Asker: 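One structure, pasted below without further comment.
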Amino acid sequence: MADDREKDSHEGRSVDFVRGQVRADVAADKNGGRVVTRFPPEPNGFLHIGHAKAICLNFDLADEEDGRCNLRFDDTNPAAEEDVFVQAIKQDISWLGYDWGDEEFYASGYFEKLYEWAEDLIRKGCAYVCDLSGDLVREYRAEGKNSPQRDRSVEDNLELFRNMRAGEYSEGKRTLRAKIDMASPNMTLRDPVMYRINHTPHHRTGTQWCIYPTYDWAHGQSDAIEGVTHSLCSLEFENHRPLYEWCLEKLEVNPRPRQIEFARLNLTYTVLSKRKLRRLVEEKHVEDWDDPRMPTLRGLRRRGYTPSAIRTLCQRVGVAKFNSTIDIVQLENALREELNKSAPRRMAVLDPLEVVIENYPDDREEFVDAVNNPEDQSAGRRKVPFSKVLWIERGDFREEAPRKYFRLKPGKEVRLRYGYYVTCTGFEKNAGGEVTRVICTYDPETRGGDSADGRKVRGTIHWVSARHAFEAEVRLIDHLFRTTRPEDVPEGADFLQNLNPDSLTSVSGCKLEPGLAEAFPGELFQFERHGYFCVDSKSLKGSPVFLRTVALRDSWAKLEKKLAGEESKSCGA
RNA sequence: UACCCCGUGGUGUAAUCGGCAACACAACUGGUUUUGGUCCAGUCAUUCCAGGUUCAAGUCCUGGCGGGGUAACCA
């Protein structure tokens, strides 16, 4: 895998702009040609696929340049952060396939140093303690008006700042602000807040501190402390770059890390804002953060997505500054591509219809030979039980079929995969007009699914022997939202109105190949002609629940829709 | 409104110094097939607009238009 990545990026025709800039720096021997990146999550939530893009970029880039990537928890806000998130984030990054080695850091580990630096700034006359309330600070900044305390003496500032640290003031009472330029067209430069008071205990430093550095005061300096050379972040920090540089310049830190911004990932039919994901969980529109419909890494993991499929997606979408939305099929396709090569095939009937083979002996049973994976001979073969009464998919029989329908219909012959050719000789219906049983005859000469006379059979359908079937629940998962851009709602409307009511369909009584009874949690299969399914890790032992990870492409569904369209058109005319 | 960033097929991402617009996915055509899957072949753009510089502009310059971000004691 590492080899592939290296090949792609070093020998490939093109390189994204971030890699381009990093390589230019290396070529210019900046930082002695060293490359250090970092992934800086705030431990206040779970990682989602948007984070995966940043993780892949930072780790892959460091790897390509023989550098390293640090994991740094940006834990400067005790009100929001918790250790459970630290643990979850580490677990998710590892699962994705990345290793930060010993480079696990916390912004909170630098509190003392950041404090010292803040005092330095005060002494230089570049920071002051401000008494304005939050509302007033906002107002003054908007108007470009100086804080009344902007010209406090260094001595007073130092004393007040120490008092802040000592816990003498209540929350919101005072802040430490950088003295930059209240007239700057860049709002972030209008005397940004560096420290605020918060008496909430911190997940790592407990009650040791009651003043906390803001992102702007902590981030660049944390990068510098760790020797980060390239600090990659998302577009919304673009306006902060001059401030990022101002801090490091004032502190005379050398060498200085370089901030580069890139566009974050957006996916169709998906919502990736932390706030919105939280609402989905809290308002119970999903089971939890690891609901298989969630775009969180734990959700995707539970659903059966592989780390490499996610990495492939991140690699394919590239890195740029254009704010784009990736079609979710891009993700689905990356997974299909991988599972097509690796997932063992099994037969599973989701919507069972009974088939009786009238010329097959009542009590006979035999085992037919089936290929586990046509894409991978080393996956071997297996024996599947066959008998007189079978289950087939309800959708594979039509009393009256449209043209180009290759499956079972009266008088028509199809192949039962790995079994025999069967011809439909009749069917039964109940009072409601629903087909309850299909009657067929089989050709004993076609065992295995081939005929010696070279007779052509257009349809091949899957089946499960009724007597041997393993019954289980299957959950069909679809997009959580029914619109491509769920967040696009009319003024005042809620994105939840775009929730897809059919995102989760539970189907019980599915008839599966008996071997599937032994499937273990997380194990992935292709149910032939349906899609890829995995055993829900939350299913109870001995009664696996299968989740549909992703469906197979279905060109018949497309064709049928098209035919139906033509039909109604000609009828209407 | 102010400031910053970005506009290349349907969707994304490329295109050394200014030099034949490439790749992936989607869509559509056809072929192969014991999965209507996979696989294979083919089709699909006058680079947001208008000027300018140049032998030559996706690329450089000017002006529009369009989209996004920011204007937190969040990150």
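Below, all heavy atoms of this structure are taken into account, side chains as well, without hydrogens, waters or symmetry copies. What you see is a predicted model; the values in this text were computed from it and never measured. Here is how names work: the chains are called A, B, and so on, in the same order as the sequence lines, proteins then strands, and each is numbered from 1.
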Asker: Under the salt bridge (Lys or Arg N to Asp or Glu O under 4.0 Å) test, which residues partner R417(A), sequence neighbours left out?
Answerer: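 Only E528(A) meet the salt bridge (Lys or Arg N to Asp or Glu O under 4.0 Å) criterion with R417(A).
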Asker: How long is the line joining CZ of F406(A) and C1' of rG36(B), in whole Å?
Answerer: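 That distance rounds to 7 Å.
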Asker: Please state the P separation for the pair rU62(B) and rU53(B) - nearest whole angstrom.
Answerer: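 So the two P atoms sit 15 Å from each other.
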Asker: Could you go through nucleotides 29-32 of chain B and list every protein N or O atom that sits under 3.5 Å from one of its N or O atoms, giving the distance for each pair?
Answerer:
{"from": "rU29(B)", "atom 1": "OP1", "to": "K562(A)", "atom 2": "NZ", "distance (Å)": "2.8"}

Asker: Pairs under 3.5 angstrom, nitrogen or oxygen only, protein versus nucleotides 65-75 of chain B, please.
Answerer:
{"from": "rG68(B)", "atom 1": "O2'", "to": "N323(A)", "atom 2": "ND2", "distance (Å)": "3.0"}
{"from": "rG69(B)", "atom 1": "N2", "to": "N239(A)", "atom 2": "ND2", "distance (Å)": "3.0"}
{"from": "rC73(B)", "atom 1": "N3", "to": "G172(A)", "atom 2": "O", "distance (Å)": "3.4"}
{"from": "rC73(B)", "atom 1": "N4", "to": "L132(A)", "atom 2": "O", "distance (Å)": "2.9"}
{"from": "rC73(B)", "atom 1": "N4", "to": "G134(A)", "atom 2": "N", "distance (Å)": "2.9"}
{"from": "rC73(B)", "atom 1": "N4", "to": "G172(A)", "atom 2": "O", "distance (Å)": "2.7"}
{"from": "rC74(B)", "atom 1": "OP2", "to": "R196(A)", "atom 2": "NE", "distance (Å)": "2.4"}
{"from": "rC74(B)", "atom 1": "OP2", "to": "R196(A)", "atom 2": "NH2", "distance (Å)": "2.4"}
{"from": "rC74(B)", "atom 1": "O3'", "to": "R196(A)", "atom 2": "NH2", "distance (Å)": "3.1"}
{"from": "rC74(B)", "atom 1": "O2'", "to": "N77(A)", "atom 2": "ND2", "distance (Å)": "3.3"}
{"from": "rA75(B)", "atom 1": "OP1", "to": "T76(A)", "atom 2": "OG1", "distance (Å)": "2.6"}
{"from": "rA75(B)", "atom 1": "OP1", "to": "R196(A)", "atom 2": "NH1", "distance (Å)": "3.4"}
{"from": "rA75(B)", "atom 1": "OP1", "to": "R196(A)", "atom 2": "NH2", "distance (Å)": "2.8"}
{"from": "rA75(B)", "atom 1": "OP2", "to": "Y215(A)", "atom 2": "N", "distance (Å)": "2.9"}
{"from": "rA75(B)", "atom 1": "O3'", "to": "D74(A)", "atom 2": "OD2", "distance (Å)": "3.1"}
{"from": "rA75(B)", "atom 1": "N6", "to": "H240(A)", "atom 2": "NE2", "distance (Å)": "3.3"}

Asker: List in chain and number order the residues that pass salt bridge (Lys or Arg N to Asp or Glu O under 4.0 Å) with R458(A), two or more places apart in sequence or in another chain; answer none if no residue qualifies.
Answerer: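 Result, salt bridge (Lys or Arg N to Asp or Glu O under 4.0 Å) vs R458(A): none returned.
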Asker: Using the C1' atom as the point on both nucleotides, what is the distance between rA57(B) and rU1(B), in whole Å?
Answerer: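 To the nearest whole Å, 35 Å.
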Asker: Report each atom pair, protein N/O against N/O of nucleotides 9-11 of chain B, whose distance is under 3.5 angstrom.
Answerer:
{"from": "rU11(B)", "atom 1": "O2'", "to": "T325(A)", "atom 2": "O", "distance (Å)": "3.3"}

Asker: C1' atom, rA56(B) versus rA41(B): distance in rounded Å?
Answerer: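 Per the computed distance, 36 Å lies between those C1' atoms.
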Asker: Roughly how many Å apart are rC65(B) and rA27(B), using the P atom of each and rounding to a whole number?
Answerer: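 Nearest-Å result for rA27(B) against rC65(B) at atom P: 38 Å.
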Asker: How far does the C1' atom of rA22(B) sit from the matching atom of rA15(B), given to the nearest Å?
Answerer: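 Per the computed distance, 7 Å lies between those C1' atoms.
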Asker: So what's the dot-bracket for RNA chain B: Watson-Crick or G-U pairs under 3.5 Å, [ ] if a pair crosses, | if it pairs off-strand?
Answerer: (((((((..((((.....[..)))).(((((.......)))))....(((((..]....))))))))))))....
Asker: Hey, does the side chain of K321(A) come within less than 4.0 Å of rC4(B)'s phosphate (OP1/OP2), counting only N and O?
Answerer: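 For K321(A), the contact criterion (side-chain N or O under 4.0 Å from OP1 or OP2 of rC4(B)) is not met.
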Asker: Please give the distance between the C1' atoms of rC4(B) and rG10(B) as a whole number of Å.
Answerer: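 That atom pair is separated by 30 Å.
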